[in-house]
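Written below as structure tokens is the structure these notes are about.
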Amino acid sequence: MNVSPRASQLLASGGEAVPVPRVPRVKISKLSKRYERRGVLRSIDLELYPGERVALLGANGAGKTTLLRILATLSRPTSGTVSIAGHLTHKTAQAVRSQVGVVAHQPYLYEDLTAEENLRFFARMYSVSDERSRIDEILFMVGLISRRDDRVGTFSRGMQQRLAIGRAILHKPALLLLDEPDSGLDREGARVLERILGYQRTTEGTVLMTTHDLRFGLSTADRVLLLENGKIVLDAPAPSLDEDELDERLSRR
Amino acid sequence: MRDGLDKISIIVWKDLLTEIRTKELFGGMFIFAVLTIITFNFAFDMTGTAKAASGAGAMWVAFNFAGFLGLGRSISLERDKGSFDGLLLCPVDRGTIFLGKFIGNLLFITLVELISVPIFAALFDLDVFQPLLLLALFLGTLGFAAVGTLLAVMAASTRSREVLLPVLMFPILLPVVIASVRATTLILTRQTNDLSAWLNLLGAYDVLFLAISYAVFDRVVEE
């Protein structure tokens with residue numbers, strides 16, 4: 001008879017539930033990144049868990065985008081290791097990429113293709129199985145179903161950002177990396193982002209986002225990280241933090 | 001294997017569709033190639049072997065310079081708009097991305113050549129419609145596109161990429177340029193004694209540099 005690990009634990013404890021240790025979705029160990037002689041990230045240790053929404057704060061040049069680019073496998077760390085959903089970025093980058101969705105400053109879209117063609121291109125690159133229905137679902141989710149046949153070049157910045165968010169979650173990533181997702185978003189875009197963040201939570205997806213908007217970060221995240229000179233100097237639950245205090249601390253840099 | 005081929009075809013489809021809509025690469029490359037051929041035709045007034053030799057040179061100058069123009073633009077357009085990073089984020093082997101971009105570039109350059117060659121034939125009054133000439137043309141273009149795609153990606157992330165690309169490409173492309181011109185001259189003058197040696201050199205160069213470019217592409221695109 002096949003018994004699941006969870007069932008075996010219950011049987012062993014005489015039917016009483018035993019707390020199962022949480023397995024981190026992202027595990028970063030002693031991560032450092034240097035550009036020539038300048039250290040951008042300095043020996044970072046961090047664990048992110050399924051369903052967590054984490055805001056990464058820090059002044060310009062603190063290393064936020066570099067950290068996100070390393071997690072996305074676009075940049076190689078100078079030392080240390082990163083594991084995402086059990087895959088090490090330096091060994092199985094391809095497997096890591098299939099688990100990661102990225103929204104960056106640039107939308108990573110092709111302006112001369114339509115919204116649907118863009119999503120179809122990425123759906124095929126990510127080997128999305130239910131391609132057609134998933135594209136419809138995403139276009140509906142980001143409020144662009146009526147503009148599906150229009151070229152992305154004709155879209156406003158906010159609409160492009162919405163489609164970029166849709167592109168990032170097309171393959172149902174286990175880790176969603178958002179680099180200042182609130183910048184350039186119109187009101188509809190902000191609603192879409194909220195919906196997507198809610199959707200990620202229901203699917204146990206982890207979200208790591210950078211933002212300069214403290215209010216947005218504190219209201220949407222469960223946990224806040226503060227990066228200063230390439231080191232994490234604060235790691236706390238969002239509700240425990242005071243916005244003004246944090247603002248003052250960020251302004252001092 | 002099949003999955004890799006699917007991904008390559010998707011990248012090529014995307015590049016072709018974009019080019020059909022914008023004509024950003026083809027238009028410039030074609031005009032440049034034809035203008036060079038016309039200029040050479042009116043600059044030299046030659047007959048016989050000299051005409052065939054200068055014709056071969058003119059043809060490769062036109063195609064190589066048009067190729068420089070197209071390769072640089074094809075990658076830098078994607079880099080500037082940030083979509084190249086989007087491509088690198090996809091869960092496919094980076095070598096597959098290289099092959100997709102390489103095949104797209106090869107198709108663009110070949111298309112320019114196919115349309116320019118009849119114009120070249122008419123202006124220089126040379127018999128270019130020979131299978132061997134088409135083979136030399138193909139082998140020369142293959143090596144050019146393989147090295148060019150890799151170096152265009154390298155140069156695209158620098159500020160002086162328009163200058164850097166030809167500077168990087170020239171020394172590496174020298175064997176393929178010499179072999180292509182020599183093979184074309186021999187075919188046009190119908191002296192086929194040494195032809196196989198030049199075609200073999202082109203073939204070996206293509207295999208070697210295609211393999212090297214495929215293997216190192218991952219390192220070239222990573223920070």
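The sequence lines fix the lettering, A, B, ..., with proteins before strands; numbering per chain opens at 1.
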- Query: So which of A:H105, A:R120, A:E111, A:R151 has the biggest tally of heavy-atom pairs under 4.5 Å with chain B?
  - Reply: A:R151

- Pairs of heavy atoms under 4.5 Å with chain B: top-ranked of A:A93, A:P107, A:S127: A:S127

Do you know which two heavy atoms are closest between [X] and [Y], and how far apart they sit?
X	Y	value
B:P91	A:R97	CA-CB, 3.8 Å
B:D85	A:L74	O-CD2, 4.0 Å
A:T73	B:R94	O-NH2, 3.5 Å
A:F122	B:G86	CE2-O, 3.8 Å

Look up atom [atom1] in [X] and atom [atom2] in [Y], then write down how far apart they are to the nearest 0.5 Å.
X	Y	atom1	atom2	result
B:C90	A:F121	SG	CZ	5.5 Å
B:L77	A:D112	CG	CG	9.0 Å
B:K14	A:N118	NZ	CG	10.0 Å

Tell me whether the count of non-hydrogen atoms from other residues, nucleotides or ligands lying under 6.0 Å of [atom1] in [X] goes above 12.
X	atom1	answer
A:F140	CZ	no
B:F170	CZ	no
B:Q130	CD	yes
B:F65	CZ	no
B:R21	CZ	yes
B:F42	CZ	no

- Verdict with supporting geometry, B:E222 and A:R69, salt bridge (charged side-chain N to carboxylate O under 4.0 Å, His left out): CA-CA 10 Å; B:E222 207 160 62; A:R69 286 182 71 81; over 6 Å; no

Quick one: what part of [X] sits under 4.5 Å from any heavy atom of chain B, side chain, backbone, both or neither?
X	value
A:Q106	side chain
A:L113	both
A:Q99	neither

- Message: Sub-4.5 Å heavy-atom contacts with chain A: which residues of residues 6-13 of chain B show up?
- Response: B:K7, B:I10, B:I11, B:W13

- Scan for salt bridge (charged side-chain N to carboxylate O under 4.0 Å, His left out) pairs involving residues 28-37 of chain A, sequence neighbours excluded, and state none if there are none. none

- Can you tell which of B:L89, B:V221, B:D3 has the highest number of heavy-atom pairs within less than 4.5 Å of chain A? B:L89

- Item | Top contributor to chain A contacts, counting heavy-atom pairs under 4.5 Å, from B:D218, B:L88, B:V92 | B:V92

- Message: Apply side-chain contact (heavy atoms from CB on, under 4.5 Å) to residues B:R219 and A:R76 and explain how you reach the verdict.
- Response: CA-CA 10 Å; B:R219 289 281 166 182; A:R76 199 179 280 256; 3.6 Å; yes

- Would a 4.5 Å heavy-atom cut-off, applied to side chains only, mark B:L87 and A:Y110 as touching? yes

